[in-house]
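Because the structure is a prediction, the values reported are computed rather than measured.
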Amino acid sequence: SINHCMSLRKAAIKGGSWTMLGAVITAIIQILRPTILTRFLEKSDFGLMAILMVVLGFTNIFSDLGVSVALFSEKKISKREYSSLYWMSLILALILYLLLFLITPLIASFYHLSELNTLIPLIGIELIISIAGRQFQIFKQKELNFRQLAIIDIIYALVSIASAVILAYLNYGVLSLVYSSLLGAALRTFLLISLGWKSHPLSFCLDLKANKRFYKVGIFQTGSQVLDYIATQIDVIIIGKFFSVSELGGYNLIKQLIIRPYGILNSVITKVSIPVLASINDQLDRLKEKYLEMLKMVSFLNVILYSLIAIFAQEIIIILYGENYLDNKIFLQILCFWGIAASINNAAGSLIIILGKTRRDFIWSAIRFLTNPIAIIAGATFSLLAMVWANSIYGLVTLIIYFYVIVKPILKIISFKDYTNTFINFILPALIMVGGLIYIKDVLLSTGNIMIHLIIFSLLYLTLYLGIHFKFTRNLLSFIKGK
């Protein structure tokens with residue numbers, strides 16, 4: 001009904017406002033975190049942490065067999081069902097931690113880093129902590145209670161950065177990153193359980209038969225996530241193996257700068273769009289319309305962000321990490337292509353979740369699993385720079401493949417032209433403008449005040465970009481205002 005659509009629109013806008021607020025504040029804190037810590041820690045400390053996060057992220061995928069994602073496709077679920085899912089996830093987390101503990105020596109031997117024998121079992125505790133709160137977070141999202149989630153994220157980020165800086169100042173080295181991560185995760189889980197218990201109290205029961213349909217959806221999601229995670233993290237795995245841990249530390253800091261923008265924007269859009277799209281998942285025409293609107297918004301905003309990052313790569317690195325990291329400038333600029341492609345592909349994740357098309361997602365992840373390592377390894381045989389180029393070019397090529405593997409089979413009535421028009425019209429003009437502005441700033445005006453450069457060239461780029469896309473900018477502002 002019209003009233004239902006209007007209420008969903010208002011809920012989406014309100015939820016998006018809170019989610020955006022939380023995401024922006026969290027992003028600022030996350031940017032400040034390495035900015036401060038690079039003054040106390042070595043590149044090798046960040047390299048070790050990058051390996052730890054890859055290991056932790058991999059085991060975390062198996063912790064609930066994709067059931068958390070399957071919960072989004074279920075409009076109704078009984079107390080017995082979600083309680084059984086919760087306890088099973090915790091049991092799986094404990095089993096995975098034990099397995100992680102047993103294989104730690106193998107991982108340390110693979111990287112020739114004895115420090116991992118102590119660090120991996122320690123950071124692995126976060127796996128159990130995080131799982132304890134995950135289901136309560138999902139229920140908050142389904143209830144469109146983004147205000148509480150935003151506040152929790154802000155508290156988590158503040159505690160994490162404060163504890164990390166204090167411990168780094170006290171010369172705890174890489175342990176400052178590990179302990180702060182554990183403390184932040186523990187507080188976040190405590191808040192999620194405390195706020196979610198009233199609406200979704202747990203009872204102790206294990207009923208695999210009753211939860212069979214969740215695992216049926218979740219098992220494909222898990223397989224997809226495993227393959228996708230390996231494909232996404234293969235660069236970190238390869239660099240850690242064939243290059244120094246210091247080079248890995250510098251590269252991973254740059255990669256995190258690229259991941260963060262689309263991670264923030266897509267997180268906001270996904271959290272808000274999933275409940276809205278779920279309410280019209282039986283109306284293909286409207287799903288297509290809403291998906292294309294979402295894709296345009298993602299492309300429009302991410303192209304702005306990555307264009308500015310590419311233009312001001314040198315200034316960003318000096319301000320955030322210091323001149324010792326300037327040798328990574330070219331990596332930051334090249335990876336902007338990868339960031340734009342990843343953000344566009346990621347936008348279809350909402351459709352996969354609300355329609356339960358996990359098998360299709362599994363096929364896509366299998367393709368990436370088989371092809372992405374080839375590009376990464378081929379580049380790495382020449383140099384780290386060649387590997388970065390190979391990864392970014394591969395990311396752009398996947399935009400085409402992704403349409404035929406994921407988007408078209410799900411939204412059968414969508415055309416390739418409809419799909420590509422949502423981002424090509426933003427990318428091509430931006431590419432020309434960014435190339436010209438980089439040449440003017442770094443070649444013709446190679447010296448000058450950093451802040452003056454930031455202000456002048458930001459205003460110049462935004463004026464050109466928003467002017468070219470004036471109509472879309474106006475429509476976007478009207479939507480945000482709720483008109």
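To the nearest 0.5 Å, the span separating CZ on F110 from CD1 on I103 amounts to 12.0 Å. Atoms CZ and CD1, from F40 and I166 in turn, are 11.0 Å apart once rounded to the nearest 0.5 Å. Considering CG of L320 and CG of L257, their distance stands at 6.0 Å, rounded to 0.5 Å. In this structure, I120 CD1 and T104 OG1 are separated by 4.5 Å, a value rounded to the nearest 0.5 Å. Interatomic distance, S343 OG to L305 CG, rounded to the nearest 0.5 Å: 9.5 Å. Taking CG of L182 as the reference point, atom CG of L177 lies at 11.0 Å (rounded to 0.5 Å).
Within 6.0 Å of the OH atom in Y111, the count of heavy atoms belonging to other residues, nucleotides or ligands exceeds 12. Crowding of F101 atom CZ: a count of heavy atoms from other residues, nucleotides or ligands under 6.0 Å not exceeding 12. Counting non-hydrogen atoms of neighbouring residues, nucleotides and ligands closer than 6.0 angstrom, the CH2 atom of W364 exceeds 12 such neighbours. No more than 12 heavy atoms of other residues, nucleotides or ligands sit less than 6.0 Å from atom NZ of K296. Y156 OH: more than 12 foreign heavy atoms inside a 6.0 Å radius.
Side-chain contact, R33 with S160: a donor N or O sits under 3.5 Å from an acceptor N or O. A donor-acceptor contact closer than 3.5 angstrom is absent between the side chains of S89 and Q135. Remark: the T371 side chain and the Y394 side chain contain an N/O donor-acceptor pair separated by less than 3.5 Å. Between the side chains of D235 and Y251, a donor-acceptor pair is found at a separation under 3.5 Å.
Two residues are said to be in side-chain contact when any heavy atoms from C-beta on lie closer than 4.5 Å; P121 and L100 fail this criterion. The side-chain heavy atoms of Y291 and I414, taken from C-beta on, include a pair separated by under 4.5 Å. Looking at E126 and V178, their side chains never come closer than 4.5 Å, going by heavy atoms from C-beta outward. Residues Y229 and V54 have side chains in contact (heavy-atom distance under 4.5 Å, counting atoms from C-beta outward). Contact of the V303 side chain with the F423 side chain is not registered, since no non-hydrogen atoms from C-beta on lie closer than 4.5 Å. With contacts defined as side-chain heavy-atom distances shorter than 4.5 Å, the pair F58/I230 qualifies. Two residues are said to be in side-chain contact when any heavy atoms from C-beta on lie closer than 4.5 Å; N391 and N372 meet this criterion. In this structure, T232 and R368 have side chains that are in contact, with non-hydrogen atoms separated by less than 4.5 Å.
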Residues I367, I363; criterion side-chain contact (heavy atoms from CB on, under 4.5 Å); working and verdict
CA-CA 6 Å; I367 293 173; I363 294 172; 4.3 Å; yes
Starting from the C-alpha separation in whole Å, work towards a yes-or-no answer on side-chain contact (heavy atoms from CB on, under 4.5 Å) for L122 and L175.
CA-CA 9 Å; L122 193 58; L175 285 174; 3.8 Å; yes
Dump the intermediate steps for side-chain contact (heavy atoms from CB on, under 4.5 Å) on R188 and D153, then the final yes or no.
CA-CA 7 Å; R188 192 172 191 273; D153 286 342; 2.8 Å; yes
Please step through side-chain contact (heavy atoms from CB on, under 4.5 Å) for the pair D45 and E42, ending with a clear verdict.
CA-CA 5 Å; D45 292 326; E42 301 294 329; 3.9 Å; yes
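In terms of modelled atom types and a separation under 3.5 Å, the side chain of S109 and the main chain of P105 share no donor-acceptor contact. One N or O on the side chain of S392 and one on the backbone of I334 form a donor-acceptor pair closer than 3.5 Å. Under a 3.5 Å cut-off, the side chain of W338 and the backbone N or O of W389 do not form any donor-acceptor pair. For N252 (side chain) and L248 (main-chain N/O), no donor-acceptor pair under 3.5 Å exists by modelled atom type. With hydrogens and angles ignored, the 3.5 Å screen pairs no side-chain donor or acceptor of Y321 with any backbone N or O of I316. No side-chain donor-acceptor contact under 3.5 Å links T189 to the backbone of A186. At distances below 3.5 Å, at least one donor-acceptor pair connects side-chain atoms of Y402 with backbone N or O atoms of N345. Proximity of a side-chain donor or acceptor of S176 to a complementary backbone N or O of G173 within less than 3.5 Å is detected. Formation of a donor-acceptor pair under 3.5 Å by the K140 side chain with backbone atoms of L195 is found in this model.
Closest approach of A157 to I29, counting heavy atoms only: O-CG2, 3.3 Å. In terms of heavy-atom proximity, Y86 sits nearest to I131 at CE1-O, 4.4 Å. Of all non-hydrogen atoms in I51 and L116, the two that sit nearest each other are CG2-CD1, 4.1 Å. When all heavy atoms of A380 and M387 are compared, the pair lying nearest together is N-CB, 3.7 Å. Nearest heavy atoms, I319 versus R39: O-NH2, 3.5 Å. Nearest heavy-atom pair across L167 and S180 is CD1-N, 4.4 Å.
The cationic atom of K408 (NZ for Lys, CZ for Arg) does not lie both less than 6.0 Å from the six-membered ring centre of Y419 and within 45° of the ring axis.
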